Amino acid sequence: MAATALGSVAASSASSTTRFLSSATRATLPFSSRSSSLSSFKFLRSAPLISHLFLNQGRPSSCVSSRRFNAASHPKCLASDPEQLKSAREDIKELLKTTFCHPILVRLGWHDAGTYNKNIEEWPQRGGANGSLRFDVELGHGANAGLVNALKLIEPIKKKYSNVTYADLFQLASATAIEEAGGPKIPMKYGRVDVVGPEQCPEEGRLPDAGPPSPAAHLREVFYRMGLNDREIVALSGAHTLGRSRPERSGWGKPETKYTKNGPGAPGGQSWTVQWLKFDNSYFKDIKERRDEELLVLPTDAALFEDPSFKVYAEKYVEDQEAFFKDYAEAHAKLSNLGAKFDPPEGIVIDDASSKPAGEKFDAAKYSYGKD
């Protein structure tokens with residue numbers, strides 16, 4: 001998450017007349033790089049959604065009879081239905097195969113969770129993973145430019161599985177995208193409760209910036225506020241191995257490079273790594289070496305090898321991908337839970353039966369990455 005513009009997506013921007021209707025009847029779907037006036041997670045620019053459609057929206061509930069969720073074996077209304085969560089995960093996998101939208105789905109989950117403030121106890125004032133990103137007021141924050149494209153992509157899934165909360169769907173999509181890109185299995189739990197109106201959205205300015213005057217200090221200021229530490233900051237930064245930045249939308253990167261000129265997906269932008277749909281430790285290697293001018297290095301990326309504390313972890317991840325995967329999975333799971341209110345309180349763990357065996361996931365290496 002650190003300072004990132006997590007990728008482009010093949011979907012075109014929604015027009016200003018786009019409408020997404022609410023959960024029970026009609027699906028609603030409504031950090032990144034930028035200049036210092038915007039948050040570092042800024043990626044794409046697009047028109048806002050109309051949020052008044054959600055003003056009276058209650059969160060969906062799912063009544064389940066299962067000893068796993070209710071020791072008394074009586075029906076219990078949960079925030080999300082476990083079976084619908086499993087089915088939604090499969091639909092997300094199919095979406096990833098056809099749209100190459102892994103980076104922007106990761107960003108979607110991060111931006112919903114990344115507004116958390118550990119110094120605020122009350123929910124939802126504390127921010128975090130609560131589905132608030134679907135509302136116009138929060139989509140309009142500079143750091144969230146372009147996330148309407150991610151919402152548009154998963155709108156049909158939300159419509160199909162109305163008993164999955166937005167907060168859960170955002171985090172499910174993010175974790176699934178990492179796993180399907182070849183990353184580690186993330187120990188997720190679900191059951192996040194949604195906020196119900198735009199008045200519950202956090203104020204703007206809680207997400208990080210890519211080019212602050214003191215990059216390391218800025219990263220700590222933002223991520224320490226969330227309750228994350230130096231190891232987690234560096235590990236999460238490793239997700240920059242996915243995605244691209246576009247200067248016309250984020251203020252950072254080149255219009256195209258030899259790795260992005262032909263896609264996959266919509267062409268253009270500048271990536272941090274050569275195979276920017278493959279999750280591995282290439283980001284750390286490329287940032288350290290800086291041998292390829294076609295690859296992007298933001299000030300907050302460079303800080304990982306300049307700050308003494310960050311450098312310990314960055315150097316470790318250059319040499320040990322397994323260690324990176326372990327730390328990343330733990331940090332991603334922690335991030336996805338920040339600020340969330342769970343129903344049931346212990347959360348819902350969906351089984352792994354639908355996980356694909358090794359070798360069947362998205363094969364990022366088979367794409368040319370802009371080369372003819």
Side-chain angles (χ1 to χ4, degrees), residues 1 4 6-11 14 20 23 27-32 41 43-44 60 79-82 84-114 128-134 138-139 144 146-192 194 236 239 242-243 265 277 279 328-329 332-333 335-338 340 347-350 352 354-356 361-362:
M1 181 165 71
T4 177
L6 276 178
S8 301
V9 65
F20 298 103
S23 66
T28 148
L29 292 169
F31 275 173
S32 163
F41 282 87
F43 188 74
L44 303 171
S80 291
D81 179 277
Q84 288 200 11
L85 282 164
K86 295 177 189 178
S87 297
R89 180 172 59 187
E90 294 306 306
D91 285 12
I92 291 168
K93 291 178 182 180
E94 293 303 312
L95 176 69
L96 292 166
K97 290 178 183 178
T98 58
T99 63
F100 314 107
C101 62
H102 305 65
I104 203 169
L105 292 189
V106 175
R107 182 171 167 243
L108 177 67
W110 282 13
H111 283 219
D112 196 47
N130 58 29
S132 62
L133 187 50
R134 71 191 190 271
E138 191 168 345
L139 280 170
N144 295 327
L147 283 177
V148 64
N149 293 316
L151 298 174
K152 185 177 180 182
L153 282 168
I154 63 172
E155 177 190 8
I157 298 175
K158 181 66 184 81
K159 183 175 182 179
K160 185 175 179 181
Y161 304 109
S162 61
N163 284 334
V164 172
T165 62
Y166 298 99
D168 272 351
L169 185 61
F170 295 166
Q171 300 309 321
L172 177 65
S174 183
T176 303
I178 292 291
E179 294 168 8
E180 291 299 296
K185 181 68 179 177
I186 300 174
M188 298 290 290
K189 67 176 181 179
Y190 299 96
R192 295 168 187 80
D194 278 336
L236 289 171
L242 299 178
L277 287 176
F279 194 95
Y328 179 85
H332 186 123
L335 172 66
S336 76
N337 295 336
L338 293 180
I348 301 167
V349 177
I350 57 178
D352 296 332
S354 65
S355 296
K356 294 182 179 180
K361 291 182 178 177
F362 176 74

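Just so it is clear, the values below take in all heavy atoms, side chains as well, and ignore hydrogens, waters and symmetry mates. Please read these numbers as outputs of a predicted model, since none were measured by experiment. Numbering starts at 1 and runs along the sequence shown.
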(message) Would the distance check show the side chain of T98 and the main-chain N or O of L95 forming a donor-acceptor pair, the cut-off being under 3.5 Å?
(response)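 Judged by distance alone, yes, a pair lies under 3.5 Å.
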(request) Please confirm whether the backbone N or O of A333 pairs with a side-chain atom of S336, one donor and one acceptor, at under 3.5 Å? (result)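 Pair found, side chain donor or acceptor close to backbone of A333.
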Nearest heavy-atom neighbours spanning [X] and [Y]:
X: G146; Y: I104; value: O-CD1, 3.7 Å
X: R192; Y: A340; value: CG-CB, 3.8 Å
X: L151; Y: L133; value: CD1-O, 4.2 Å
X: L85; Y: L172; value: O-CD2, 3.6 Å
X: P82; Y: I350; value: O-CG2, 3.9 Å
X: W110; Y: A239; value: CH2-CB, 3.1 Å

(request) I would like to know whether L96 and C101 meet side chain to side chain contact (heavy atoms under 4.5 Å, CB included); could you show each step before the answer? (result) CA-CA 6 Å; L96 292 166; C101 62; 3.8 Å; yes
(request) Please name all residues satisfying side-chain hydrogen bond (donor to acceptor under 3.5 Å, both in side chains) with Y161, sequence neighbours left out, ordered by chain then number. (result)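 Partners of Y161 under the side-chain hydrogen bond (donor to acceptor under 3.5 Å, both in side chains) test: D91.
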(request) With sequence neighbours excluded, tell me which residues meet side-chain hydrogen bond (donor to acceptor under 3.5 Å, both in side chains) with D112. (result)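 Checked D112 against side-chain hydrogen bond (donor to acceptor under 3.5 Å, both in side chains); zero matches.
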Would you say the side chain of [Y] lies within less than 4.5 Å of the side chain of [X], judging by non-hydrogen atoms?
X: L108; Y: S174; value: no
X: I348; Y: D168; value: no
X: E179; Y: F279; value: no

In Å and rounded to the nearest 0.5 Å, what is the [atom1] to [atom2] distance from [X] to [Y]?
X: L139; Y: H111; atom1: CG; atom2: NE2; result: 11.5 Å
X: N130; Y: T165; atom1: CG; atom2: OG1; result: 10.0 Å
X: L169; Y: R89; atom1: CG; atom2: CZ; result: 13.0 Å
X: I178; Y: H332; atom1: CD1; atom2: NE2; result: 6.0 Å
X: S162; Y: D81; atom1: OG; atom2: CG; result: 9.0 Å
X: E180; Y: L277; atom1: CD; atom2: CG; result: 12.5 Å

(message) Closer than 4.0 angstrom, basic N to acidic O: yes or no for K152 and E155?
(response)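 So K152 does not pair with E155 through a salt bridge.
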(message) With side chain to side chain contact (heavy atoms under 4.5 Å, CB included) as the criterion, how do Y190 and V349 come out once you've worked through the C-alpha distance, each side chain's angles and the decisive distance to 0.1 Å?
(response) CA-CA 6 Å; Y190 299 96; V349 177; over 6 Å; no
(message) Side chains of R107 and N144 only: does a donor on one sit below 3.5 Å from an acceptor on the other?
(response)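 No donor-acceptor contact under 3.5 Å links the two side chains.
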(request) I would like to know whether D194 and R134 meet side chain to side chain contact (heavy atoms under 4.5 Å, CB included); could you show each step before the answer? (result) CA-CA 10 Å; D194 278 336; R134 71 191 190 271; 4.0 Å; yes
